[in-house]
Protein chains: 2
Amino acid sequence: MERETGTSSRDRVLQAAMSMFGEDPGARLSVRAVAARAGVSTGSLRYHFPTQRALQDAVLAGIYDVITPGDRIHDRSAPARDRLIDCLRQVLTFAGVGEQARAAWSEIFTTFIEPEPTDENRAAYLALEREAQRRVEYWLTVLSNEGALAEGDNSRRARFLTTVLNGLSIARALPSEESILTTETETLHAAVDHVLNSRF
Amino acid sequence: MERETGTSSRDRVLQAAMSMFGEDPGARLSVRAVAARAGVSTGSLRYHFPTQRALQDAVLAGIYDVITPGDRIHDRSAPARDRLIDCLRQVLTFAGVGEQARAAWSEIFTTFIEPEPTDENRAAYLALEREAQRRVEYWLTVLSNEGALAEGDNSRRARFLTTVLNGLSIARALPSEESILTTETETLHAAVDHVLNSRF
DNA sequence: ACCTGAACACCGTTCAAGT
DNA sequence: ACCTGAACACCGTTCAAGT
């Protein structure tokens, strides 16, 4: 393991963790694994990242700094609520509408629900899910940092939001009365408002 | 630790796990903790529940068996929040856990999502959905009438809740980390709290 | 200030051995 | 068939001790 001399210990840890995440988003990023990869002790890692959660957040922030510069979440000229809704909508957009939504769920269905789950595809799905979870969590972290969101368990909040997103996205694949747009908007707003305004 | 003689080992484990969940739905339900409470070895627990996930699923199923007999919504001795949560859980019970959940979604999938929607099955699905919607709306009406719920658009609220239920129920069919139990409870509570406590 | 690595108190799972 | 409990390979966190 080369030491990448010249770089600070903290940077080496972060770099190691980020590249591990890059190679496999489903990876565990355990203290020992990251520390070993970075060539530092677990104690040193803990010194810079007092908690595992802190490390994960740093990795997430780092990843998205690289990947998503045009993310609306950073547009501080707009209210936090609007920005978060915008970002969540992006996720739904990706899920598509009508025909496209049905195709997307078909894919998920035939690979992850229909067959008896093997360890392999279980892991594959969990990686996907964690990826989505982390993205939402990252948005919440940004809002937290600027004080738009009360102290709280962001990963719990993210879980809540992704569950709502799943519900909305499957609704797009199922038959529905008239425009689901209104319904969807209302529900999305309700979910976001709950996260922003309640102690939870 | 009394052994509750006469009960099978498997039952004791399940009972212990369920009562632990009852005392604290956020509890970890670790192998050792549950085994100790049940007065059996970890090996025995593993014999009956080959994986931690299997145990969690059994607990979930058991919980719903216990709480589903009547419609709790009218039981004014309990807080509105608890009653509503109870009723929503009944809906989830129908969705099942594990294998059963996957089968249920398979059904929905092959009839309503995969095929190009005909007018006929569109109508069939919409009927199902309206039924679910009506049931939830009815519960909200009951709470409204006794003043536990602020004036507002109950059908909108019901739509929000059914969307969350859909998200939770599909999560039961998809692979998941061991903790769906906690996640599900948290999300359900969050959704109900939002409906009960916010102007919406 | 930064870093080390052992120690602590946990996990879930496996498995030879017993009845 | 059912059960035991030790063992394995992990966790995340703490901390006395070093530089």
Side-chain angles (χ1 to χ4, degrees), chain A residues 1-18 20-21 24-60 117-120 122-123 125-127 130 133-134 137 153-156, chain B residues 1-17 20-21 24 26-60 97-98 175-183:
Chain A
M1 196 58 51
E2 54 211 280
R3 306 265 312 178
E4 306 223 23
T5 49
T7 338
S8 78
S9 200
R10 189 183 184 282
D11 283 349
R12 283 211 309 281
V13 168
L14 197 49
Q15 221 169 327
M18 281 174 61
M20 285 168 77
F21 178 77
D24 177 13
R28 266 296 226 140
L29 296 192
S30 80
V31 214
R32 286 165 186 80
V34 174
R37 172 89 157 235
V40 302
S41 66
T42 67
S44 176
L45 190 154
R46 263 295 153 279
Y47 178 77
H48 294 292
F49 304 95
T51 197
Q52 207 58 8
R53 184 59 202 278
L55 175 62
Q56 308 255 16
D57 283 353
V59 169
L60 207 53
T118 67
D119 278 1
E120 194 186 12
R122 230 185 79 85
Y125 176 76
L126 290 179
R130 283 230 328 233
Q133 168 81 16
R134 279 184 190 241
E137 213 170 317
D153 186 342
N154 279 344
S155 99
R156 180 205 291 219
Chain B
M1 195 59 53
E2 57 211 278
R3 305 265 311 180
E4 307 225 21
T5 48
T7 338
S8 78
S9 200
R10 189 182 183 284
D11 283 348
R12 283 211 309 282
V13 168
L14 198 48
Q15 222 170 326
M20 286 169 76
F21 178 75
D24 177 12
R28 266 296 228 137
L29 295 193
S30 82
V31 212
R32 286 168 187 77
V34 174
R37 172 89 158 235
V40 303
S41 66
T42 66
S44 177
L45 189 153
R46 264 293 155 282
Y47 178 78
H48 294 291
F49 305 95
T51 196
Q52 208 57 8
R53 178 65 199 273
L55 176 61
Q56 306 259 13
D57 283 353
V59 170
L60 211 50
V97 218
S176 76
E177 324 238 17
E178 38 129 4
S179 59
I180 33 168
L181 220 87
T182 319
T183 300

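Below, each value reflects all heavy atoms present in this structure, side chains not excepted, and no hydrogens, waters or symmetry copies. In what follows, chains are A, B, ... by sequence order, proteins preceding strands, each numbered from 1.
Every residue two or more places apart in sequence or in another chain that forms a salt bridge (Lys or Arg N to Asp or Glu O under 4.0 Å) with Arg53(A) is listed here: Asp57(A), Glu137(A).
Considering only heavy atoms from C-beta on, Tyr47(B) stays 4.5 Å or farther from Arg10(B) through its side chain. Taking 4.5 Å as the limit, every side-chain heavy atom of His48(A) sits out of range of all side-chain heavy atoms of Arg12(A).
Annotated stems with DNA chain D as a participant read C:4-8 with D:12-16, C:12-16 with D:4-8, given as range with range, by first number; only runs of 3 or more Watson-Crick or G-U pairs under 3.5 Å qualify.
Nearest to the side chain of Val40(A), among dA1(C), dC2(D), dT4(C), sits dT4(C).
The backbone N or O of Thr182(B) sits nowhere less than 3.5 Å from a side-chain atom of Gln56(B) that would complete a donor-acceptor pair.
Considering all non-hydrogen atoms of both residues, Phe21(A) and Leu29(A) come closest at N-CD2, 4.2 Å. Closest approach of Val34(A) to Ala16(A), counting heavy atoms only: O-CB, 4.1 Å. Residues Pro175(B) and Tyr125(A) approach most closely at O-CE2, 3.3 Å, considering heavy atoms.
Contact between the side-chain N/O atoms of Tyr47(B) and the OP1/OP2 oxygens of dC2(D) is found at a separation under 4.0 Å. The phosphate of dC3(D) (OP1 or OP2) has a side-chain N or O of His48(B) nearer than 4.0 angstrom. OP1 or OP2 of dT4(D) has at least one side-chain nitrogen or oxygen of Ser44(B) nearer than 4.0 Å. One finds no side-chain N or O of Ser9(B) lying less than 4.0 angstrom from the OP1 or OP2 phosphate oxygen of dC2(D).
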* To do: Can you check each nucleotide of nucleotides 6-19 of chain C against protein heavy atoms at under 4.0 Å and return B for base, S for sugar-phosphate only, - for none, in 5' to 3' order?
  => BB---BBBB-----
* Carefully, step by step, assess Arg37(B) and Gln15(B) under the rule side chain to side chain donor-acceptor pair (under 3.5 Å). => CA-CA 9 Å; Arg37(B) 172 89 158 235; Gln15(B) 222 170 326; over 6 Å; no
